[in-house]
Asks: 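The following block contains the structure, expressed as structure tokens.
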2 protein chains.
Amino acid sequence: MRADAERNRERVLEAARSVFAEQGLDASTNEIARRAGVGVATLFRRFPTRDDLVGAVFADRMAAYVAATDEALADPDPWHGFCGYIERVCQMQADDRGFADVLTLTFPTAKALEDDRNRAAEGLGVLLERAKATGKLREDFAHQDVPLILMANAGVVTATRDAAPDAWKRLVGYLIQAFAAEAFQPLPEPPSPRQVYRALLRLST
Amino acid sequence: MRADAERNRERVLEAARSVFAEQGLDASTNEIARRAGVGVATLFRRFPTRDDLVGAVFADRMAAYVAATDEALADPDPWHGFCGYIERVCQMQADDRGFADVLTLTFPTAKALEDDRNRAAEGLGVLLERAKATGKLREDFAHQDVPLILMANAGVVTATRDAAPDAWKRLVGYLIQAFAAEAFQPLPEPPSPRQVYRALLRLST
DNA sequence: ACGTAAGTGGAGCGGGTATTCCGAATCCTC
DNA sequence: GAGGATTCGGAATACCCGCTCCACTTACGT
């Protein structure tokens, strides 16, 4: 690849990163190209589909997402690790509107992200088992509840980002107390894993 | 008003009701006019601004919203009334995507809706006090938490409407257990009323 | 039944989007 | 530094949006 091409590729990635962070995944391509100081054609030549661009932009964020599960697993107290994990991931959503979309709304199918997602899900399963084993996480917590949290958090975050950027912490505070074993009361059934998967695919056409 | 004009007005309202319910408040006017079987000009003549249309369409839903607080207040057990209120309102969001927007996202400024909102807020304040007095609702529950619930629920509902239409019940189940006094653990500060107000105004420009 | 005021619908305008095409500019090699 | 392949950027295309204008139609009072 020619040197200027590589340079432009980087500029597009950086512009896309900030535009997605501010405006979410449905930001306009024109805006990204404009901010990168590059023609739209250049953007499309390098990233023919939106998925290509999103995949490249969020590769590192997804790595951080996977790393969050690893850190949680490294915590000697699995319940503490779990709480920290939820808070950290919700913080990531609050910090980056595009990433919130990646986690809950549009589910880009870029393969790299897909793999990361699976790895995170695996680690999360182990974490949940351990946390339940300590008796601190309620037994009926389902792994499907995690995307549910992310969707709820996304709702709060998108609504309050400008006016009350920390409002989501209150929601997460409530939820974590509800996840504690002491809070146990019967709950409605969680959605099935398949349902959650389909919900996540929703907008990725 | 001429009879045919009145008839068309009704048709537009009905079409708008169903389109908003399916697609949310940002549905296109073209689509509404098309489904009503009228020209776009007719729609605009009758409802010059989007607020006029939204106000007319959701007048009855807002009335039901106010009625929900009244019913909650009528419950001999204020805590039970509170739980029922939350569930009912979240159900209304789940049933009507447009109404979910009215409650959390766009905050149309139509005066009729504004008045209803204020009336509901008043009733809610009384309900919360009573529920706290019984010792079942935690003391640190803030009235600002209610819009927070609605935003969180809106997030779940918009993400899962097609694939897992009952998923929101699980979220609300968790939240209600967190609101119970027994669950009490310190929480992050709630957003200020002013912050919440500004968050609700967000998209109404 | 007929004149007129009220009402209608679709074409049209201005502005937004995604995506493609192609002549011009740029880089790299020799 | 010259030639040729590569890459660029903006114009062009084809949509979709909200909203307005206006020639035509309809209902209603007389």
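Labels below follow one simple rule: chain letters A, B, ... track the order of the sequence lines, proteins then strands, and each chain is numbered from 1. We use all heavy atoms of the structure for the numbers below, so side chains are in, but hydrogens, waters and symmetry mates are not.
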Asks: Does B:Glu71 pair with B:Arg88 as a salt bridge, N-O distance under 4.0 Å?
Replies: yes

Asks: Does B:Arg46 have a side-chain nitrogen or oxygen under 4.0 Å from the phosphate oxygens OP1 or OP2 of C:dT8?
Replies: yes

Asks: How would you label the contact of B:Ala3 with the nucleic acid (heavy atoms, under 4.0 Å): base, sugar-phosphate, or nothing?
Replies: sugar-phosphate

Asks: Quick one: A:Glu31 CD to C:dA18 P, roughly how many Å, whole number?
Replies: 10 Å

Asks: Rounded to whole Å, how long is the line connecting atom CZ of B:Arg45 with atom C1' of D:dT26?
Replies: 13 Å

Asks: Should A:Glu6 and A:Arg2 count as an ion pair when the cut-off is N to O under 4.0 Å?
Replies: no

Asks: Among D:dT7, D:dA27, D:dG18, which nucleotide has an atom closest to any side-chain atom of B:Asp4?
Replies: D:dA27

Asks: Between B:Arg7 and A:Val38, who's closer to the 5' end of DNA chain D by nearest nucleotide?
Replies: A:Val38

Asks: Rounded to whole angstroms, how far apart are CE on A:Met1 and C1' on D:dC8?
Replies: 14 Å

Asks: Reckon A:Thr29 has a side-chain N or O less than 4.0 Å from the OP1 or OP2 of C:dA18?
Replies: yes

Asks: Let me know the distance between CG of A:Asp52 and P of C:dA18, rounded to the nearest Å.
Replies: 16 Å

Asks: Rounded to the nearest angstrom, tell me the gap between atom CZ in B:Phe44 and atom C1' in C:dG12.
Replies: 14 Å

Asks: Between B:Arg11 (CZ) and C:dG7 (P), how many Å, whole number?
Replies: 16 Å

Asks: For a quick test of reading the model: is some side-chain N or O of B:Arg50 closer than 4.0 Å to OP1 or OP2 of D:dG18?
Replies: yes

Asks: So A:Ala36, base contact, sugar-phosphate only, or nothing? Heavy-atom distance under 4.0 Å.
Replies: nothing

Asks: Expressed in angstrom and rounded to an integer, what is the separation of B:Glu6 atom CD from D:dA27 atom C1'?
Replies: 15 Å

Asks: Any N or O donor-acceptor pair under 3.5 Å from the base of D:dT7 to the side chain of A:Arg2?
Replies: no

Asks: Taking atom C1' of C:dT17 as reference, at what distance in whole Å does atom CD1 of A:Ile32 sit?
Replies: 13 Å

Asks: Evaluate the ring planes of A:Tyr65 and A:Phe99, with Trp represented by its six-membered ring, and classify them as parallel (under 30°), tilted (30 to 60°) or perpendicular (over 60°).
Replies: perpendicular

Asks: Mapping A:Val40 and A:Ala5 to their closest nucleotides on DNA chain D, which lands nearer the 5' end?
Replies: A:Ala5

Asks: Does OP1 or OP2 of C:dG16 have a side-chain N or O of A:Asn30 closer than 4.0 Å?
Replies: no

Asks: Do NZ/NE/NH1/NH2 and the carboxylate oxygens of A:Asp116 and A:Arg119 come within less than 4.0 Å?
Replies: yes

Asks: Specify whether A:Phe141 and B:Tyr174 have parallel, tilted or perpendicular ring planes, treating 30° as the upper limit for parallel and 60° as the lower limit for perpendicular.
Replies: tilted

